[in-house]
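Residue numbers begin at 1 in each chain, while the letters A, B, ... track the order of the sequences. Fair warning: this is a prediction, and the values are worked out from it, not measured in the lab.
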Protein chains: 2
Amino acid sequence: MHGMSEGARSTAARLLAALEAISNSRDGLTVAEFARALGRDKSIASRQLRPLVDLGVLERGPDGRHRLGWRLFTLAARAGDQRLLLLAPPVMRRLSDLSGERVHLSVLHGREVLTILSESSRQMIEAVDWVGRTAPVHCTSSGRVLLFDHRDDDVRCLLGDERLAVRSSAAPATAEDFLRRLCEARKLGYALVDGEFDVDLVAAAAPVRDFSGRIVASINVSAPAYRLKERLWHTGRQVASAAAHLSKAISSQADH
Amino acid sequence: MHGMSEGARSTAARLLAALEAISNSRDGLTVAEFARALGRDKSIASRQLRPLVDLGVLERGPDGRHRLGWRLFTLAARAGDQRLLLLAPPVMRRLSDLSGERVHLSVLHGREVLTILSESSRQMIEAVDWVGRTAPVHCTSSGRVLLFDHRDDDVRCLLGDERLAVRSSAAPATAEDFLRRLCEARKLGYALVDGEFDVDLVAAAAPVRDFSGRIVASINVSAPAYRLKERLWHTGRQVASAAAHLSKAISSQADH
DNA sequence: AAGCGGGTTGCATTTATTGCAACGCGGCGT
DNA sequence: ACGCCGCGTTGCAATAAATGCAACCCGCTT
């Protein structure tokens, strides 16, 4: 009952305590239950809950129970974007040092893959800036990873019925061909691509997920085949590890 | 970028305004920027931000910029219908590819329509879109759809007795006018709107229902009239199909 | 009818927020 | 070096909140 009586000093702390009290309840709280949970008078509960409902932070069901509202989700979604851009660079840099190659962060952009961050390696020879540019989803490791959680039907619809525009002989020519490779990558947990986007390029990618498990980005290593092909499997595991680390960091308190 | 909303009375409203000000900034806000965004003294900003940072709602980077923090995730993870949020994006993306236009997912919030997801060619970068914002219920396709199952009396009560605030000459001026259009949409199974919210905007929306048949959200396509008006009927059927598909998806148990 | 619990509202008191001022800090141009 | 400007924090009085008690309405049980 007295669960977590704590010294809530600030009004912000009291408000957050209110939200968490409701969050911790399974079916929401009525005004009286809410008042008891906070150990305050029910009048306070009534007057505190109303503006929150008006703002959309809480929802009041027809049964008079208060539950968390959609507004919190829109905030959390933006928090995810901000934290991704904030926390990705150090993870990417470490991966770049480990692999010795250039590391990219990409998101799904329509039916293409958009690179939004890039961390350079010490190498002289490397692909020029891809930031802001898009690449086909079907012949890149990032594209494969970003479609991890899509159902086969959605993938087919995304790729279109026609034959895929092949950039090289190694790239998948049909949607079914792509789905086979996607299935392989799913089992593996990360995607390896050899000469599909460009005959001389190999790449490894892994998915970055937010707090709800949704794939929000892909982290990938791309390099000339002669330099990376031999150890591509090893790099794949490194990328997967980095992506998992970034996924955890986005939704957890302590970073670095 | 300046404070757009006025009339924040309660402390809860002030707090939410603070969070949204930071949410709407791409790289976070410093204390001074935050103060300017709220139009208040910087001392208030300093004293308001600190407890939020301590609680984990906000995070203060080494550069002194405040971004949304991890604590929002713990709340949002239980907010709303997680199943809907998880399954909607792929369906929306497919509809976006089909129609070539931007797709939104909205819920009813009081007498307004709140957009909670948006899928299109652009994903997260420069996402200054509708997400998190509300629109009038009487002159939007989503609003019409979200009131599908409301009784006429409830609709009248929701809209109020007074004349509706018309945004354009095409929008319904009275509750009875709205009810006529709502009845049309009911028969059709989806709602088409031409120049009601904005003279140059057309839209099509369809209802998303949960297992019990209750309308939990609306999926809709919105685009400039010159681009979509010709094929709006066709788009309406596409939207209805996508909404039906999503309704089935959130009701079914089996899902990878 | 009376009792009970949930929900809201009035009002005096208590408490916290507000805005002004001042201060320390770090960069930058003359 | 100096002064200047912007940022961030802190004291302090006036202000504007939140708080708790009470009363009230409503539906329901006894």
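Summarising the geometry, the separation between CD1 on B/Ile44 and P on D/dA17 is reported as 12 Å, rounded to the nearest angstrom. The distance between atom CG of A/Leu15 and atom C1' of C/dA16, rounded to the nearest whole Å, is 13 Å. Computed from coordinates, the B/Asp41 CG to C/dG19 C1' distance equals 6 Å when rounded to whole Å. Remark: P of C/dT17 and CG of B/Leu38 are 15 Å apart, rounded to the nearest angstrom. Residue B/Asp63 contributes atom CG, which lies 10 Å from atom P of D/dG8 at whole-angstrom precision. In this structure, B/His66 places its NE2 atom 9 Å from C1' of D/dG8, rounding to the nearest Å. Distance A/Asp54 CG to C/dT8 P: 11 Å, rounded to the nearest Å. Following rounding to the nearest Å, B/Arg50 (CZ) and D/dG8 (C1') show an atom-to-atom distance of 11 Å.
Where B/Arg65 and A/Gln48 meet DNA chain D, the nucleotide closest to each residue was compared, and B/Arg65 sits on the side nearer the 5' end. Residues A/Thr11 and A/Ala32 both approach DNA chain C. Their nearest nucleotides, taken by heavy-atom distance, put A/Ala32 toward the 5′ side.
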Inset, instruction - Take A/Ser218 and A/Asn220 through the side-chain hydrogen bond (donor to acceptor under 3.5 Å, both in side chains) test and state the conclusion after the steps. - result: CA-CA 6 Å; A/Ser218 150; A/Asn220 85 292; 5.0 Å; no
Legend entry - Stepwise side chain to side chain contact (heavy atoms under 4.5 Å, CB included) check, A/Leu58 with A/Leu19: CA-CA 8 Å; A/Leu58 296 181; A/Leu19 293 182; 3.8 Å; yes
Legend entry - Worked verdict on B/Val57 versus B/Leu72 for side chain to side chain contact (heavy atoms under 4.5 Å, CB included): CA-CA 6 Å; B/Val57 176; B/Leu72 289 171; 4.3 Å; yes
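Between A/Ser10 and the phosphate of C/dA16, there is no side-chain N or O to OP1/OP2 separation shorter than 4.0 Å. Put simply, A/Ser46 has a side-chain N or O that comes within less than 4.0 Å of OP1 or OP2 on C/dT8.
Set against D/dA17, D/dG20, D/dT10, the side chain of B/Ser43 has D/dT10 as its closest nucleotide. With C/dG6, C/dG7, D/dG8 as the candidates, the nucleotide lying closest to the side chain of A/Arg36 is C/dG6. Comparing D/dA23, D/dT19, D/dT9 by their closest approach to the side chain of A/Lys42 singles out D/dA23.
Salt-bridge check for B/Arg50 with B/Asp54: failed, with every basic side-chain N at 4.0 Å or more from each acidic carboxylate O. In this structure, A/Arg94 does not pair ionically with A/Asp97, as no charged nitrogen and carboxylate oxygen lie closer than 4.0 Å. A salt bridge links B/Arg71 with A/Glu20: the distance from a Lys NZ or Arg NE/NH1/NH2 to an Asp or Glu carboxylate oxygen falls below 4.0 Å.
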Counting only pairs under 3.5 Å, give me each side-chain donor-acceptor contact of residues 61-68 of chain B, with atom names and distances, residues two or more places apart or in other chains.
{"residue": "B/Asp63", "atom": "OD1", "partner": "B/Arg65", "partner atom": "N", "Å": "3.2"}
{"residue": "B/Asp63", "atom": "OD2", "partner": "B/Arg67", "partner atom": "NH2", "Å": "3.2"}
{"residue": "B/Arg65", "atom": "NE", "partner": "B/Asp27", "partner atom": "O", "Å": "3.2"}
{"residue": "B/Arg65", "atom": "NH2", "partner": "B/Glu33", "partner atom": "OE1", "Å": "2.9"}
{"residue": "B/Arg65", "atom": "NH2", "partner": "B/Glu33", "partner atom": "OE2", "Å": "2.9"}

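If one axis is set at each end of the helix from C/dA1-D/dT30 to C/dT30-D/dA1 from five pairs, those axes are 20° apart, to 10°.
Evaluation of atom-type donor-acceptor distances gives a pair under 3.5 Å for the side chain of A/Arg47 against the base of C/dG10.
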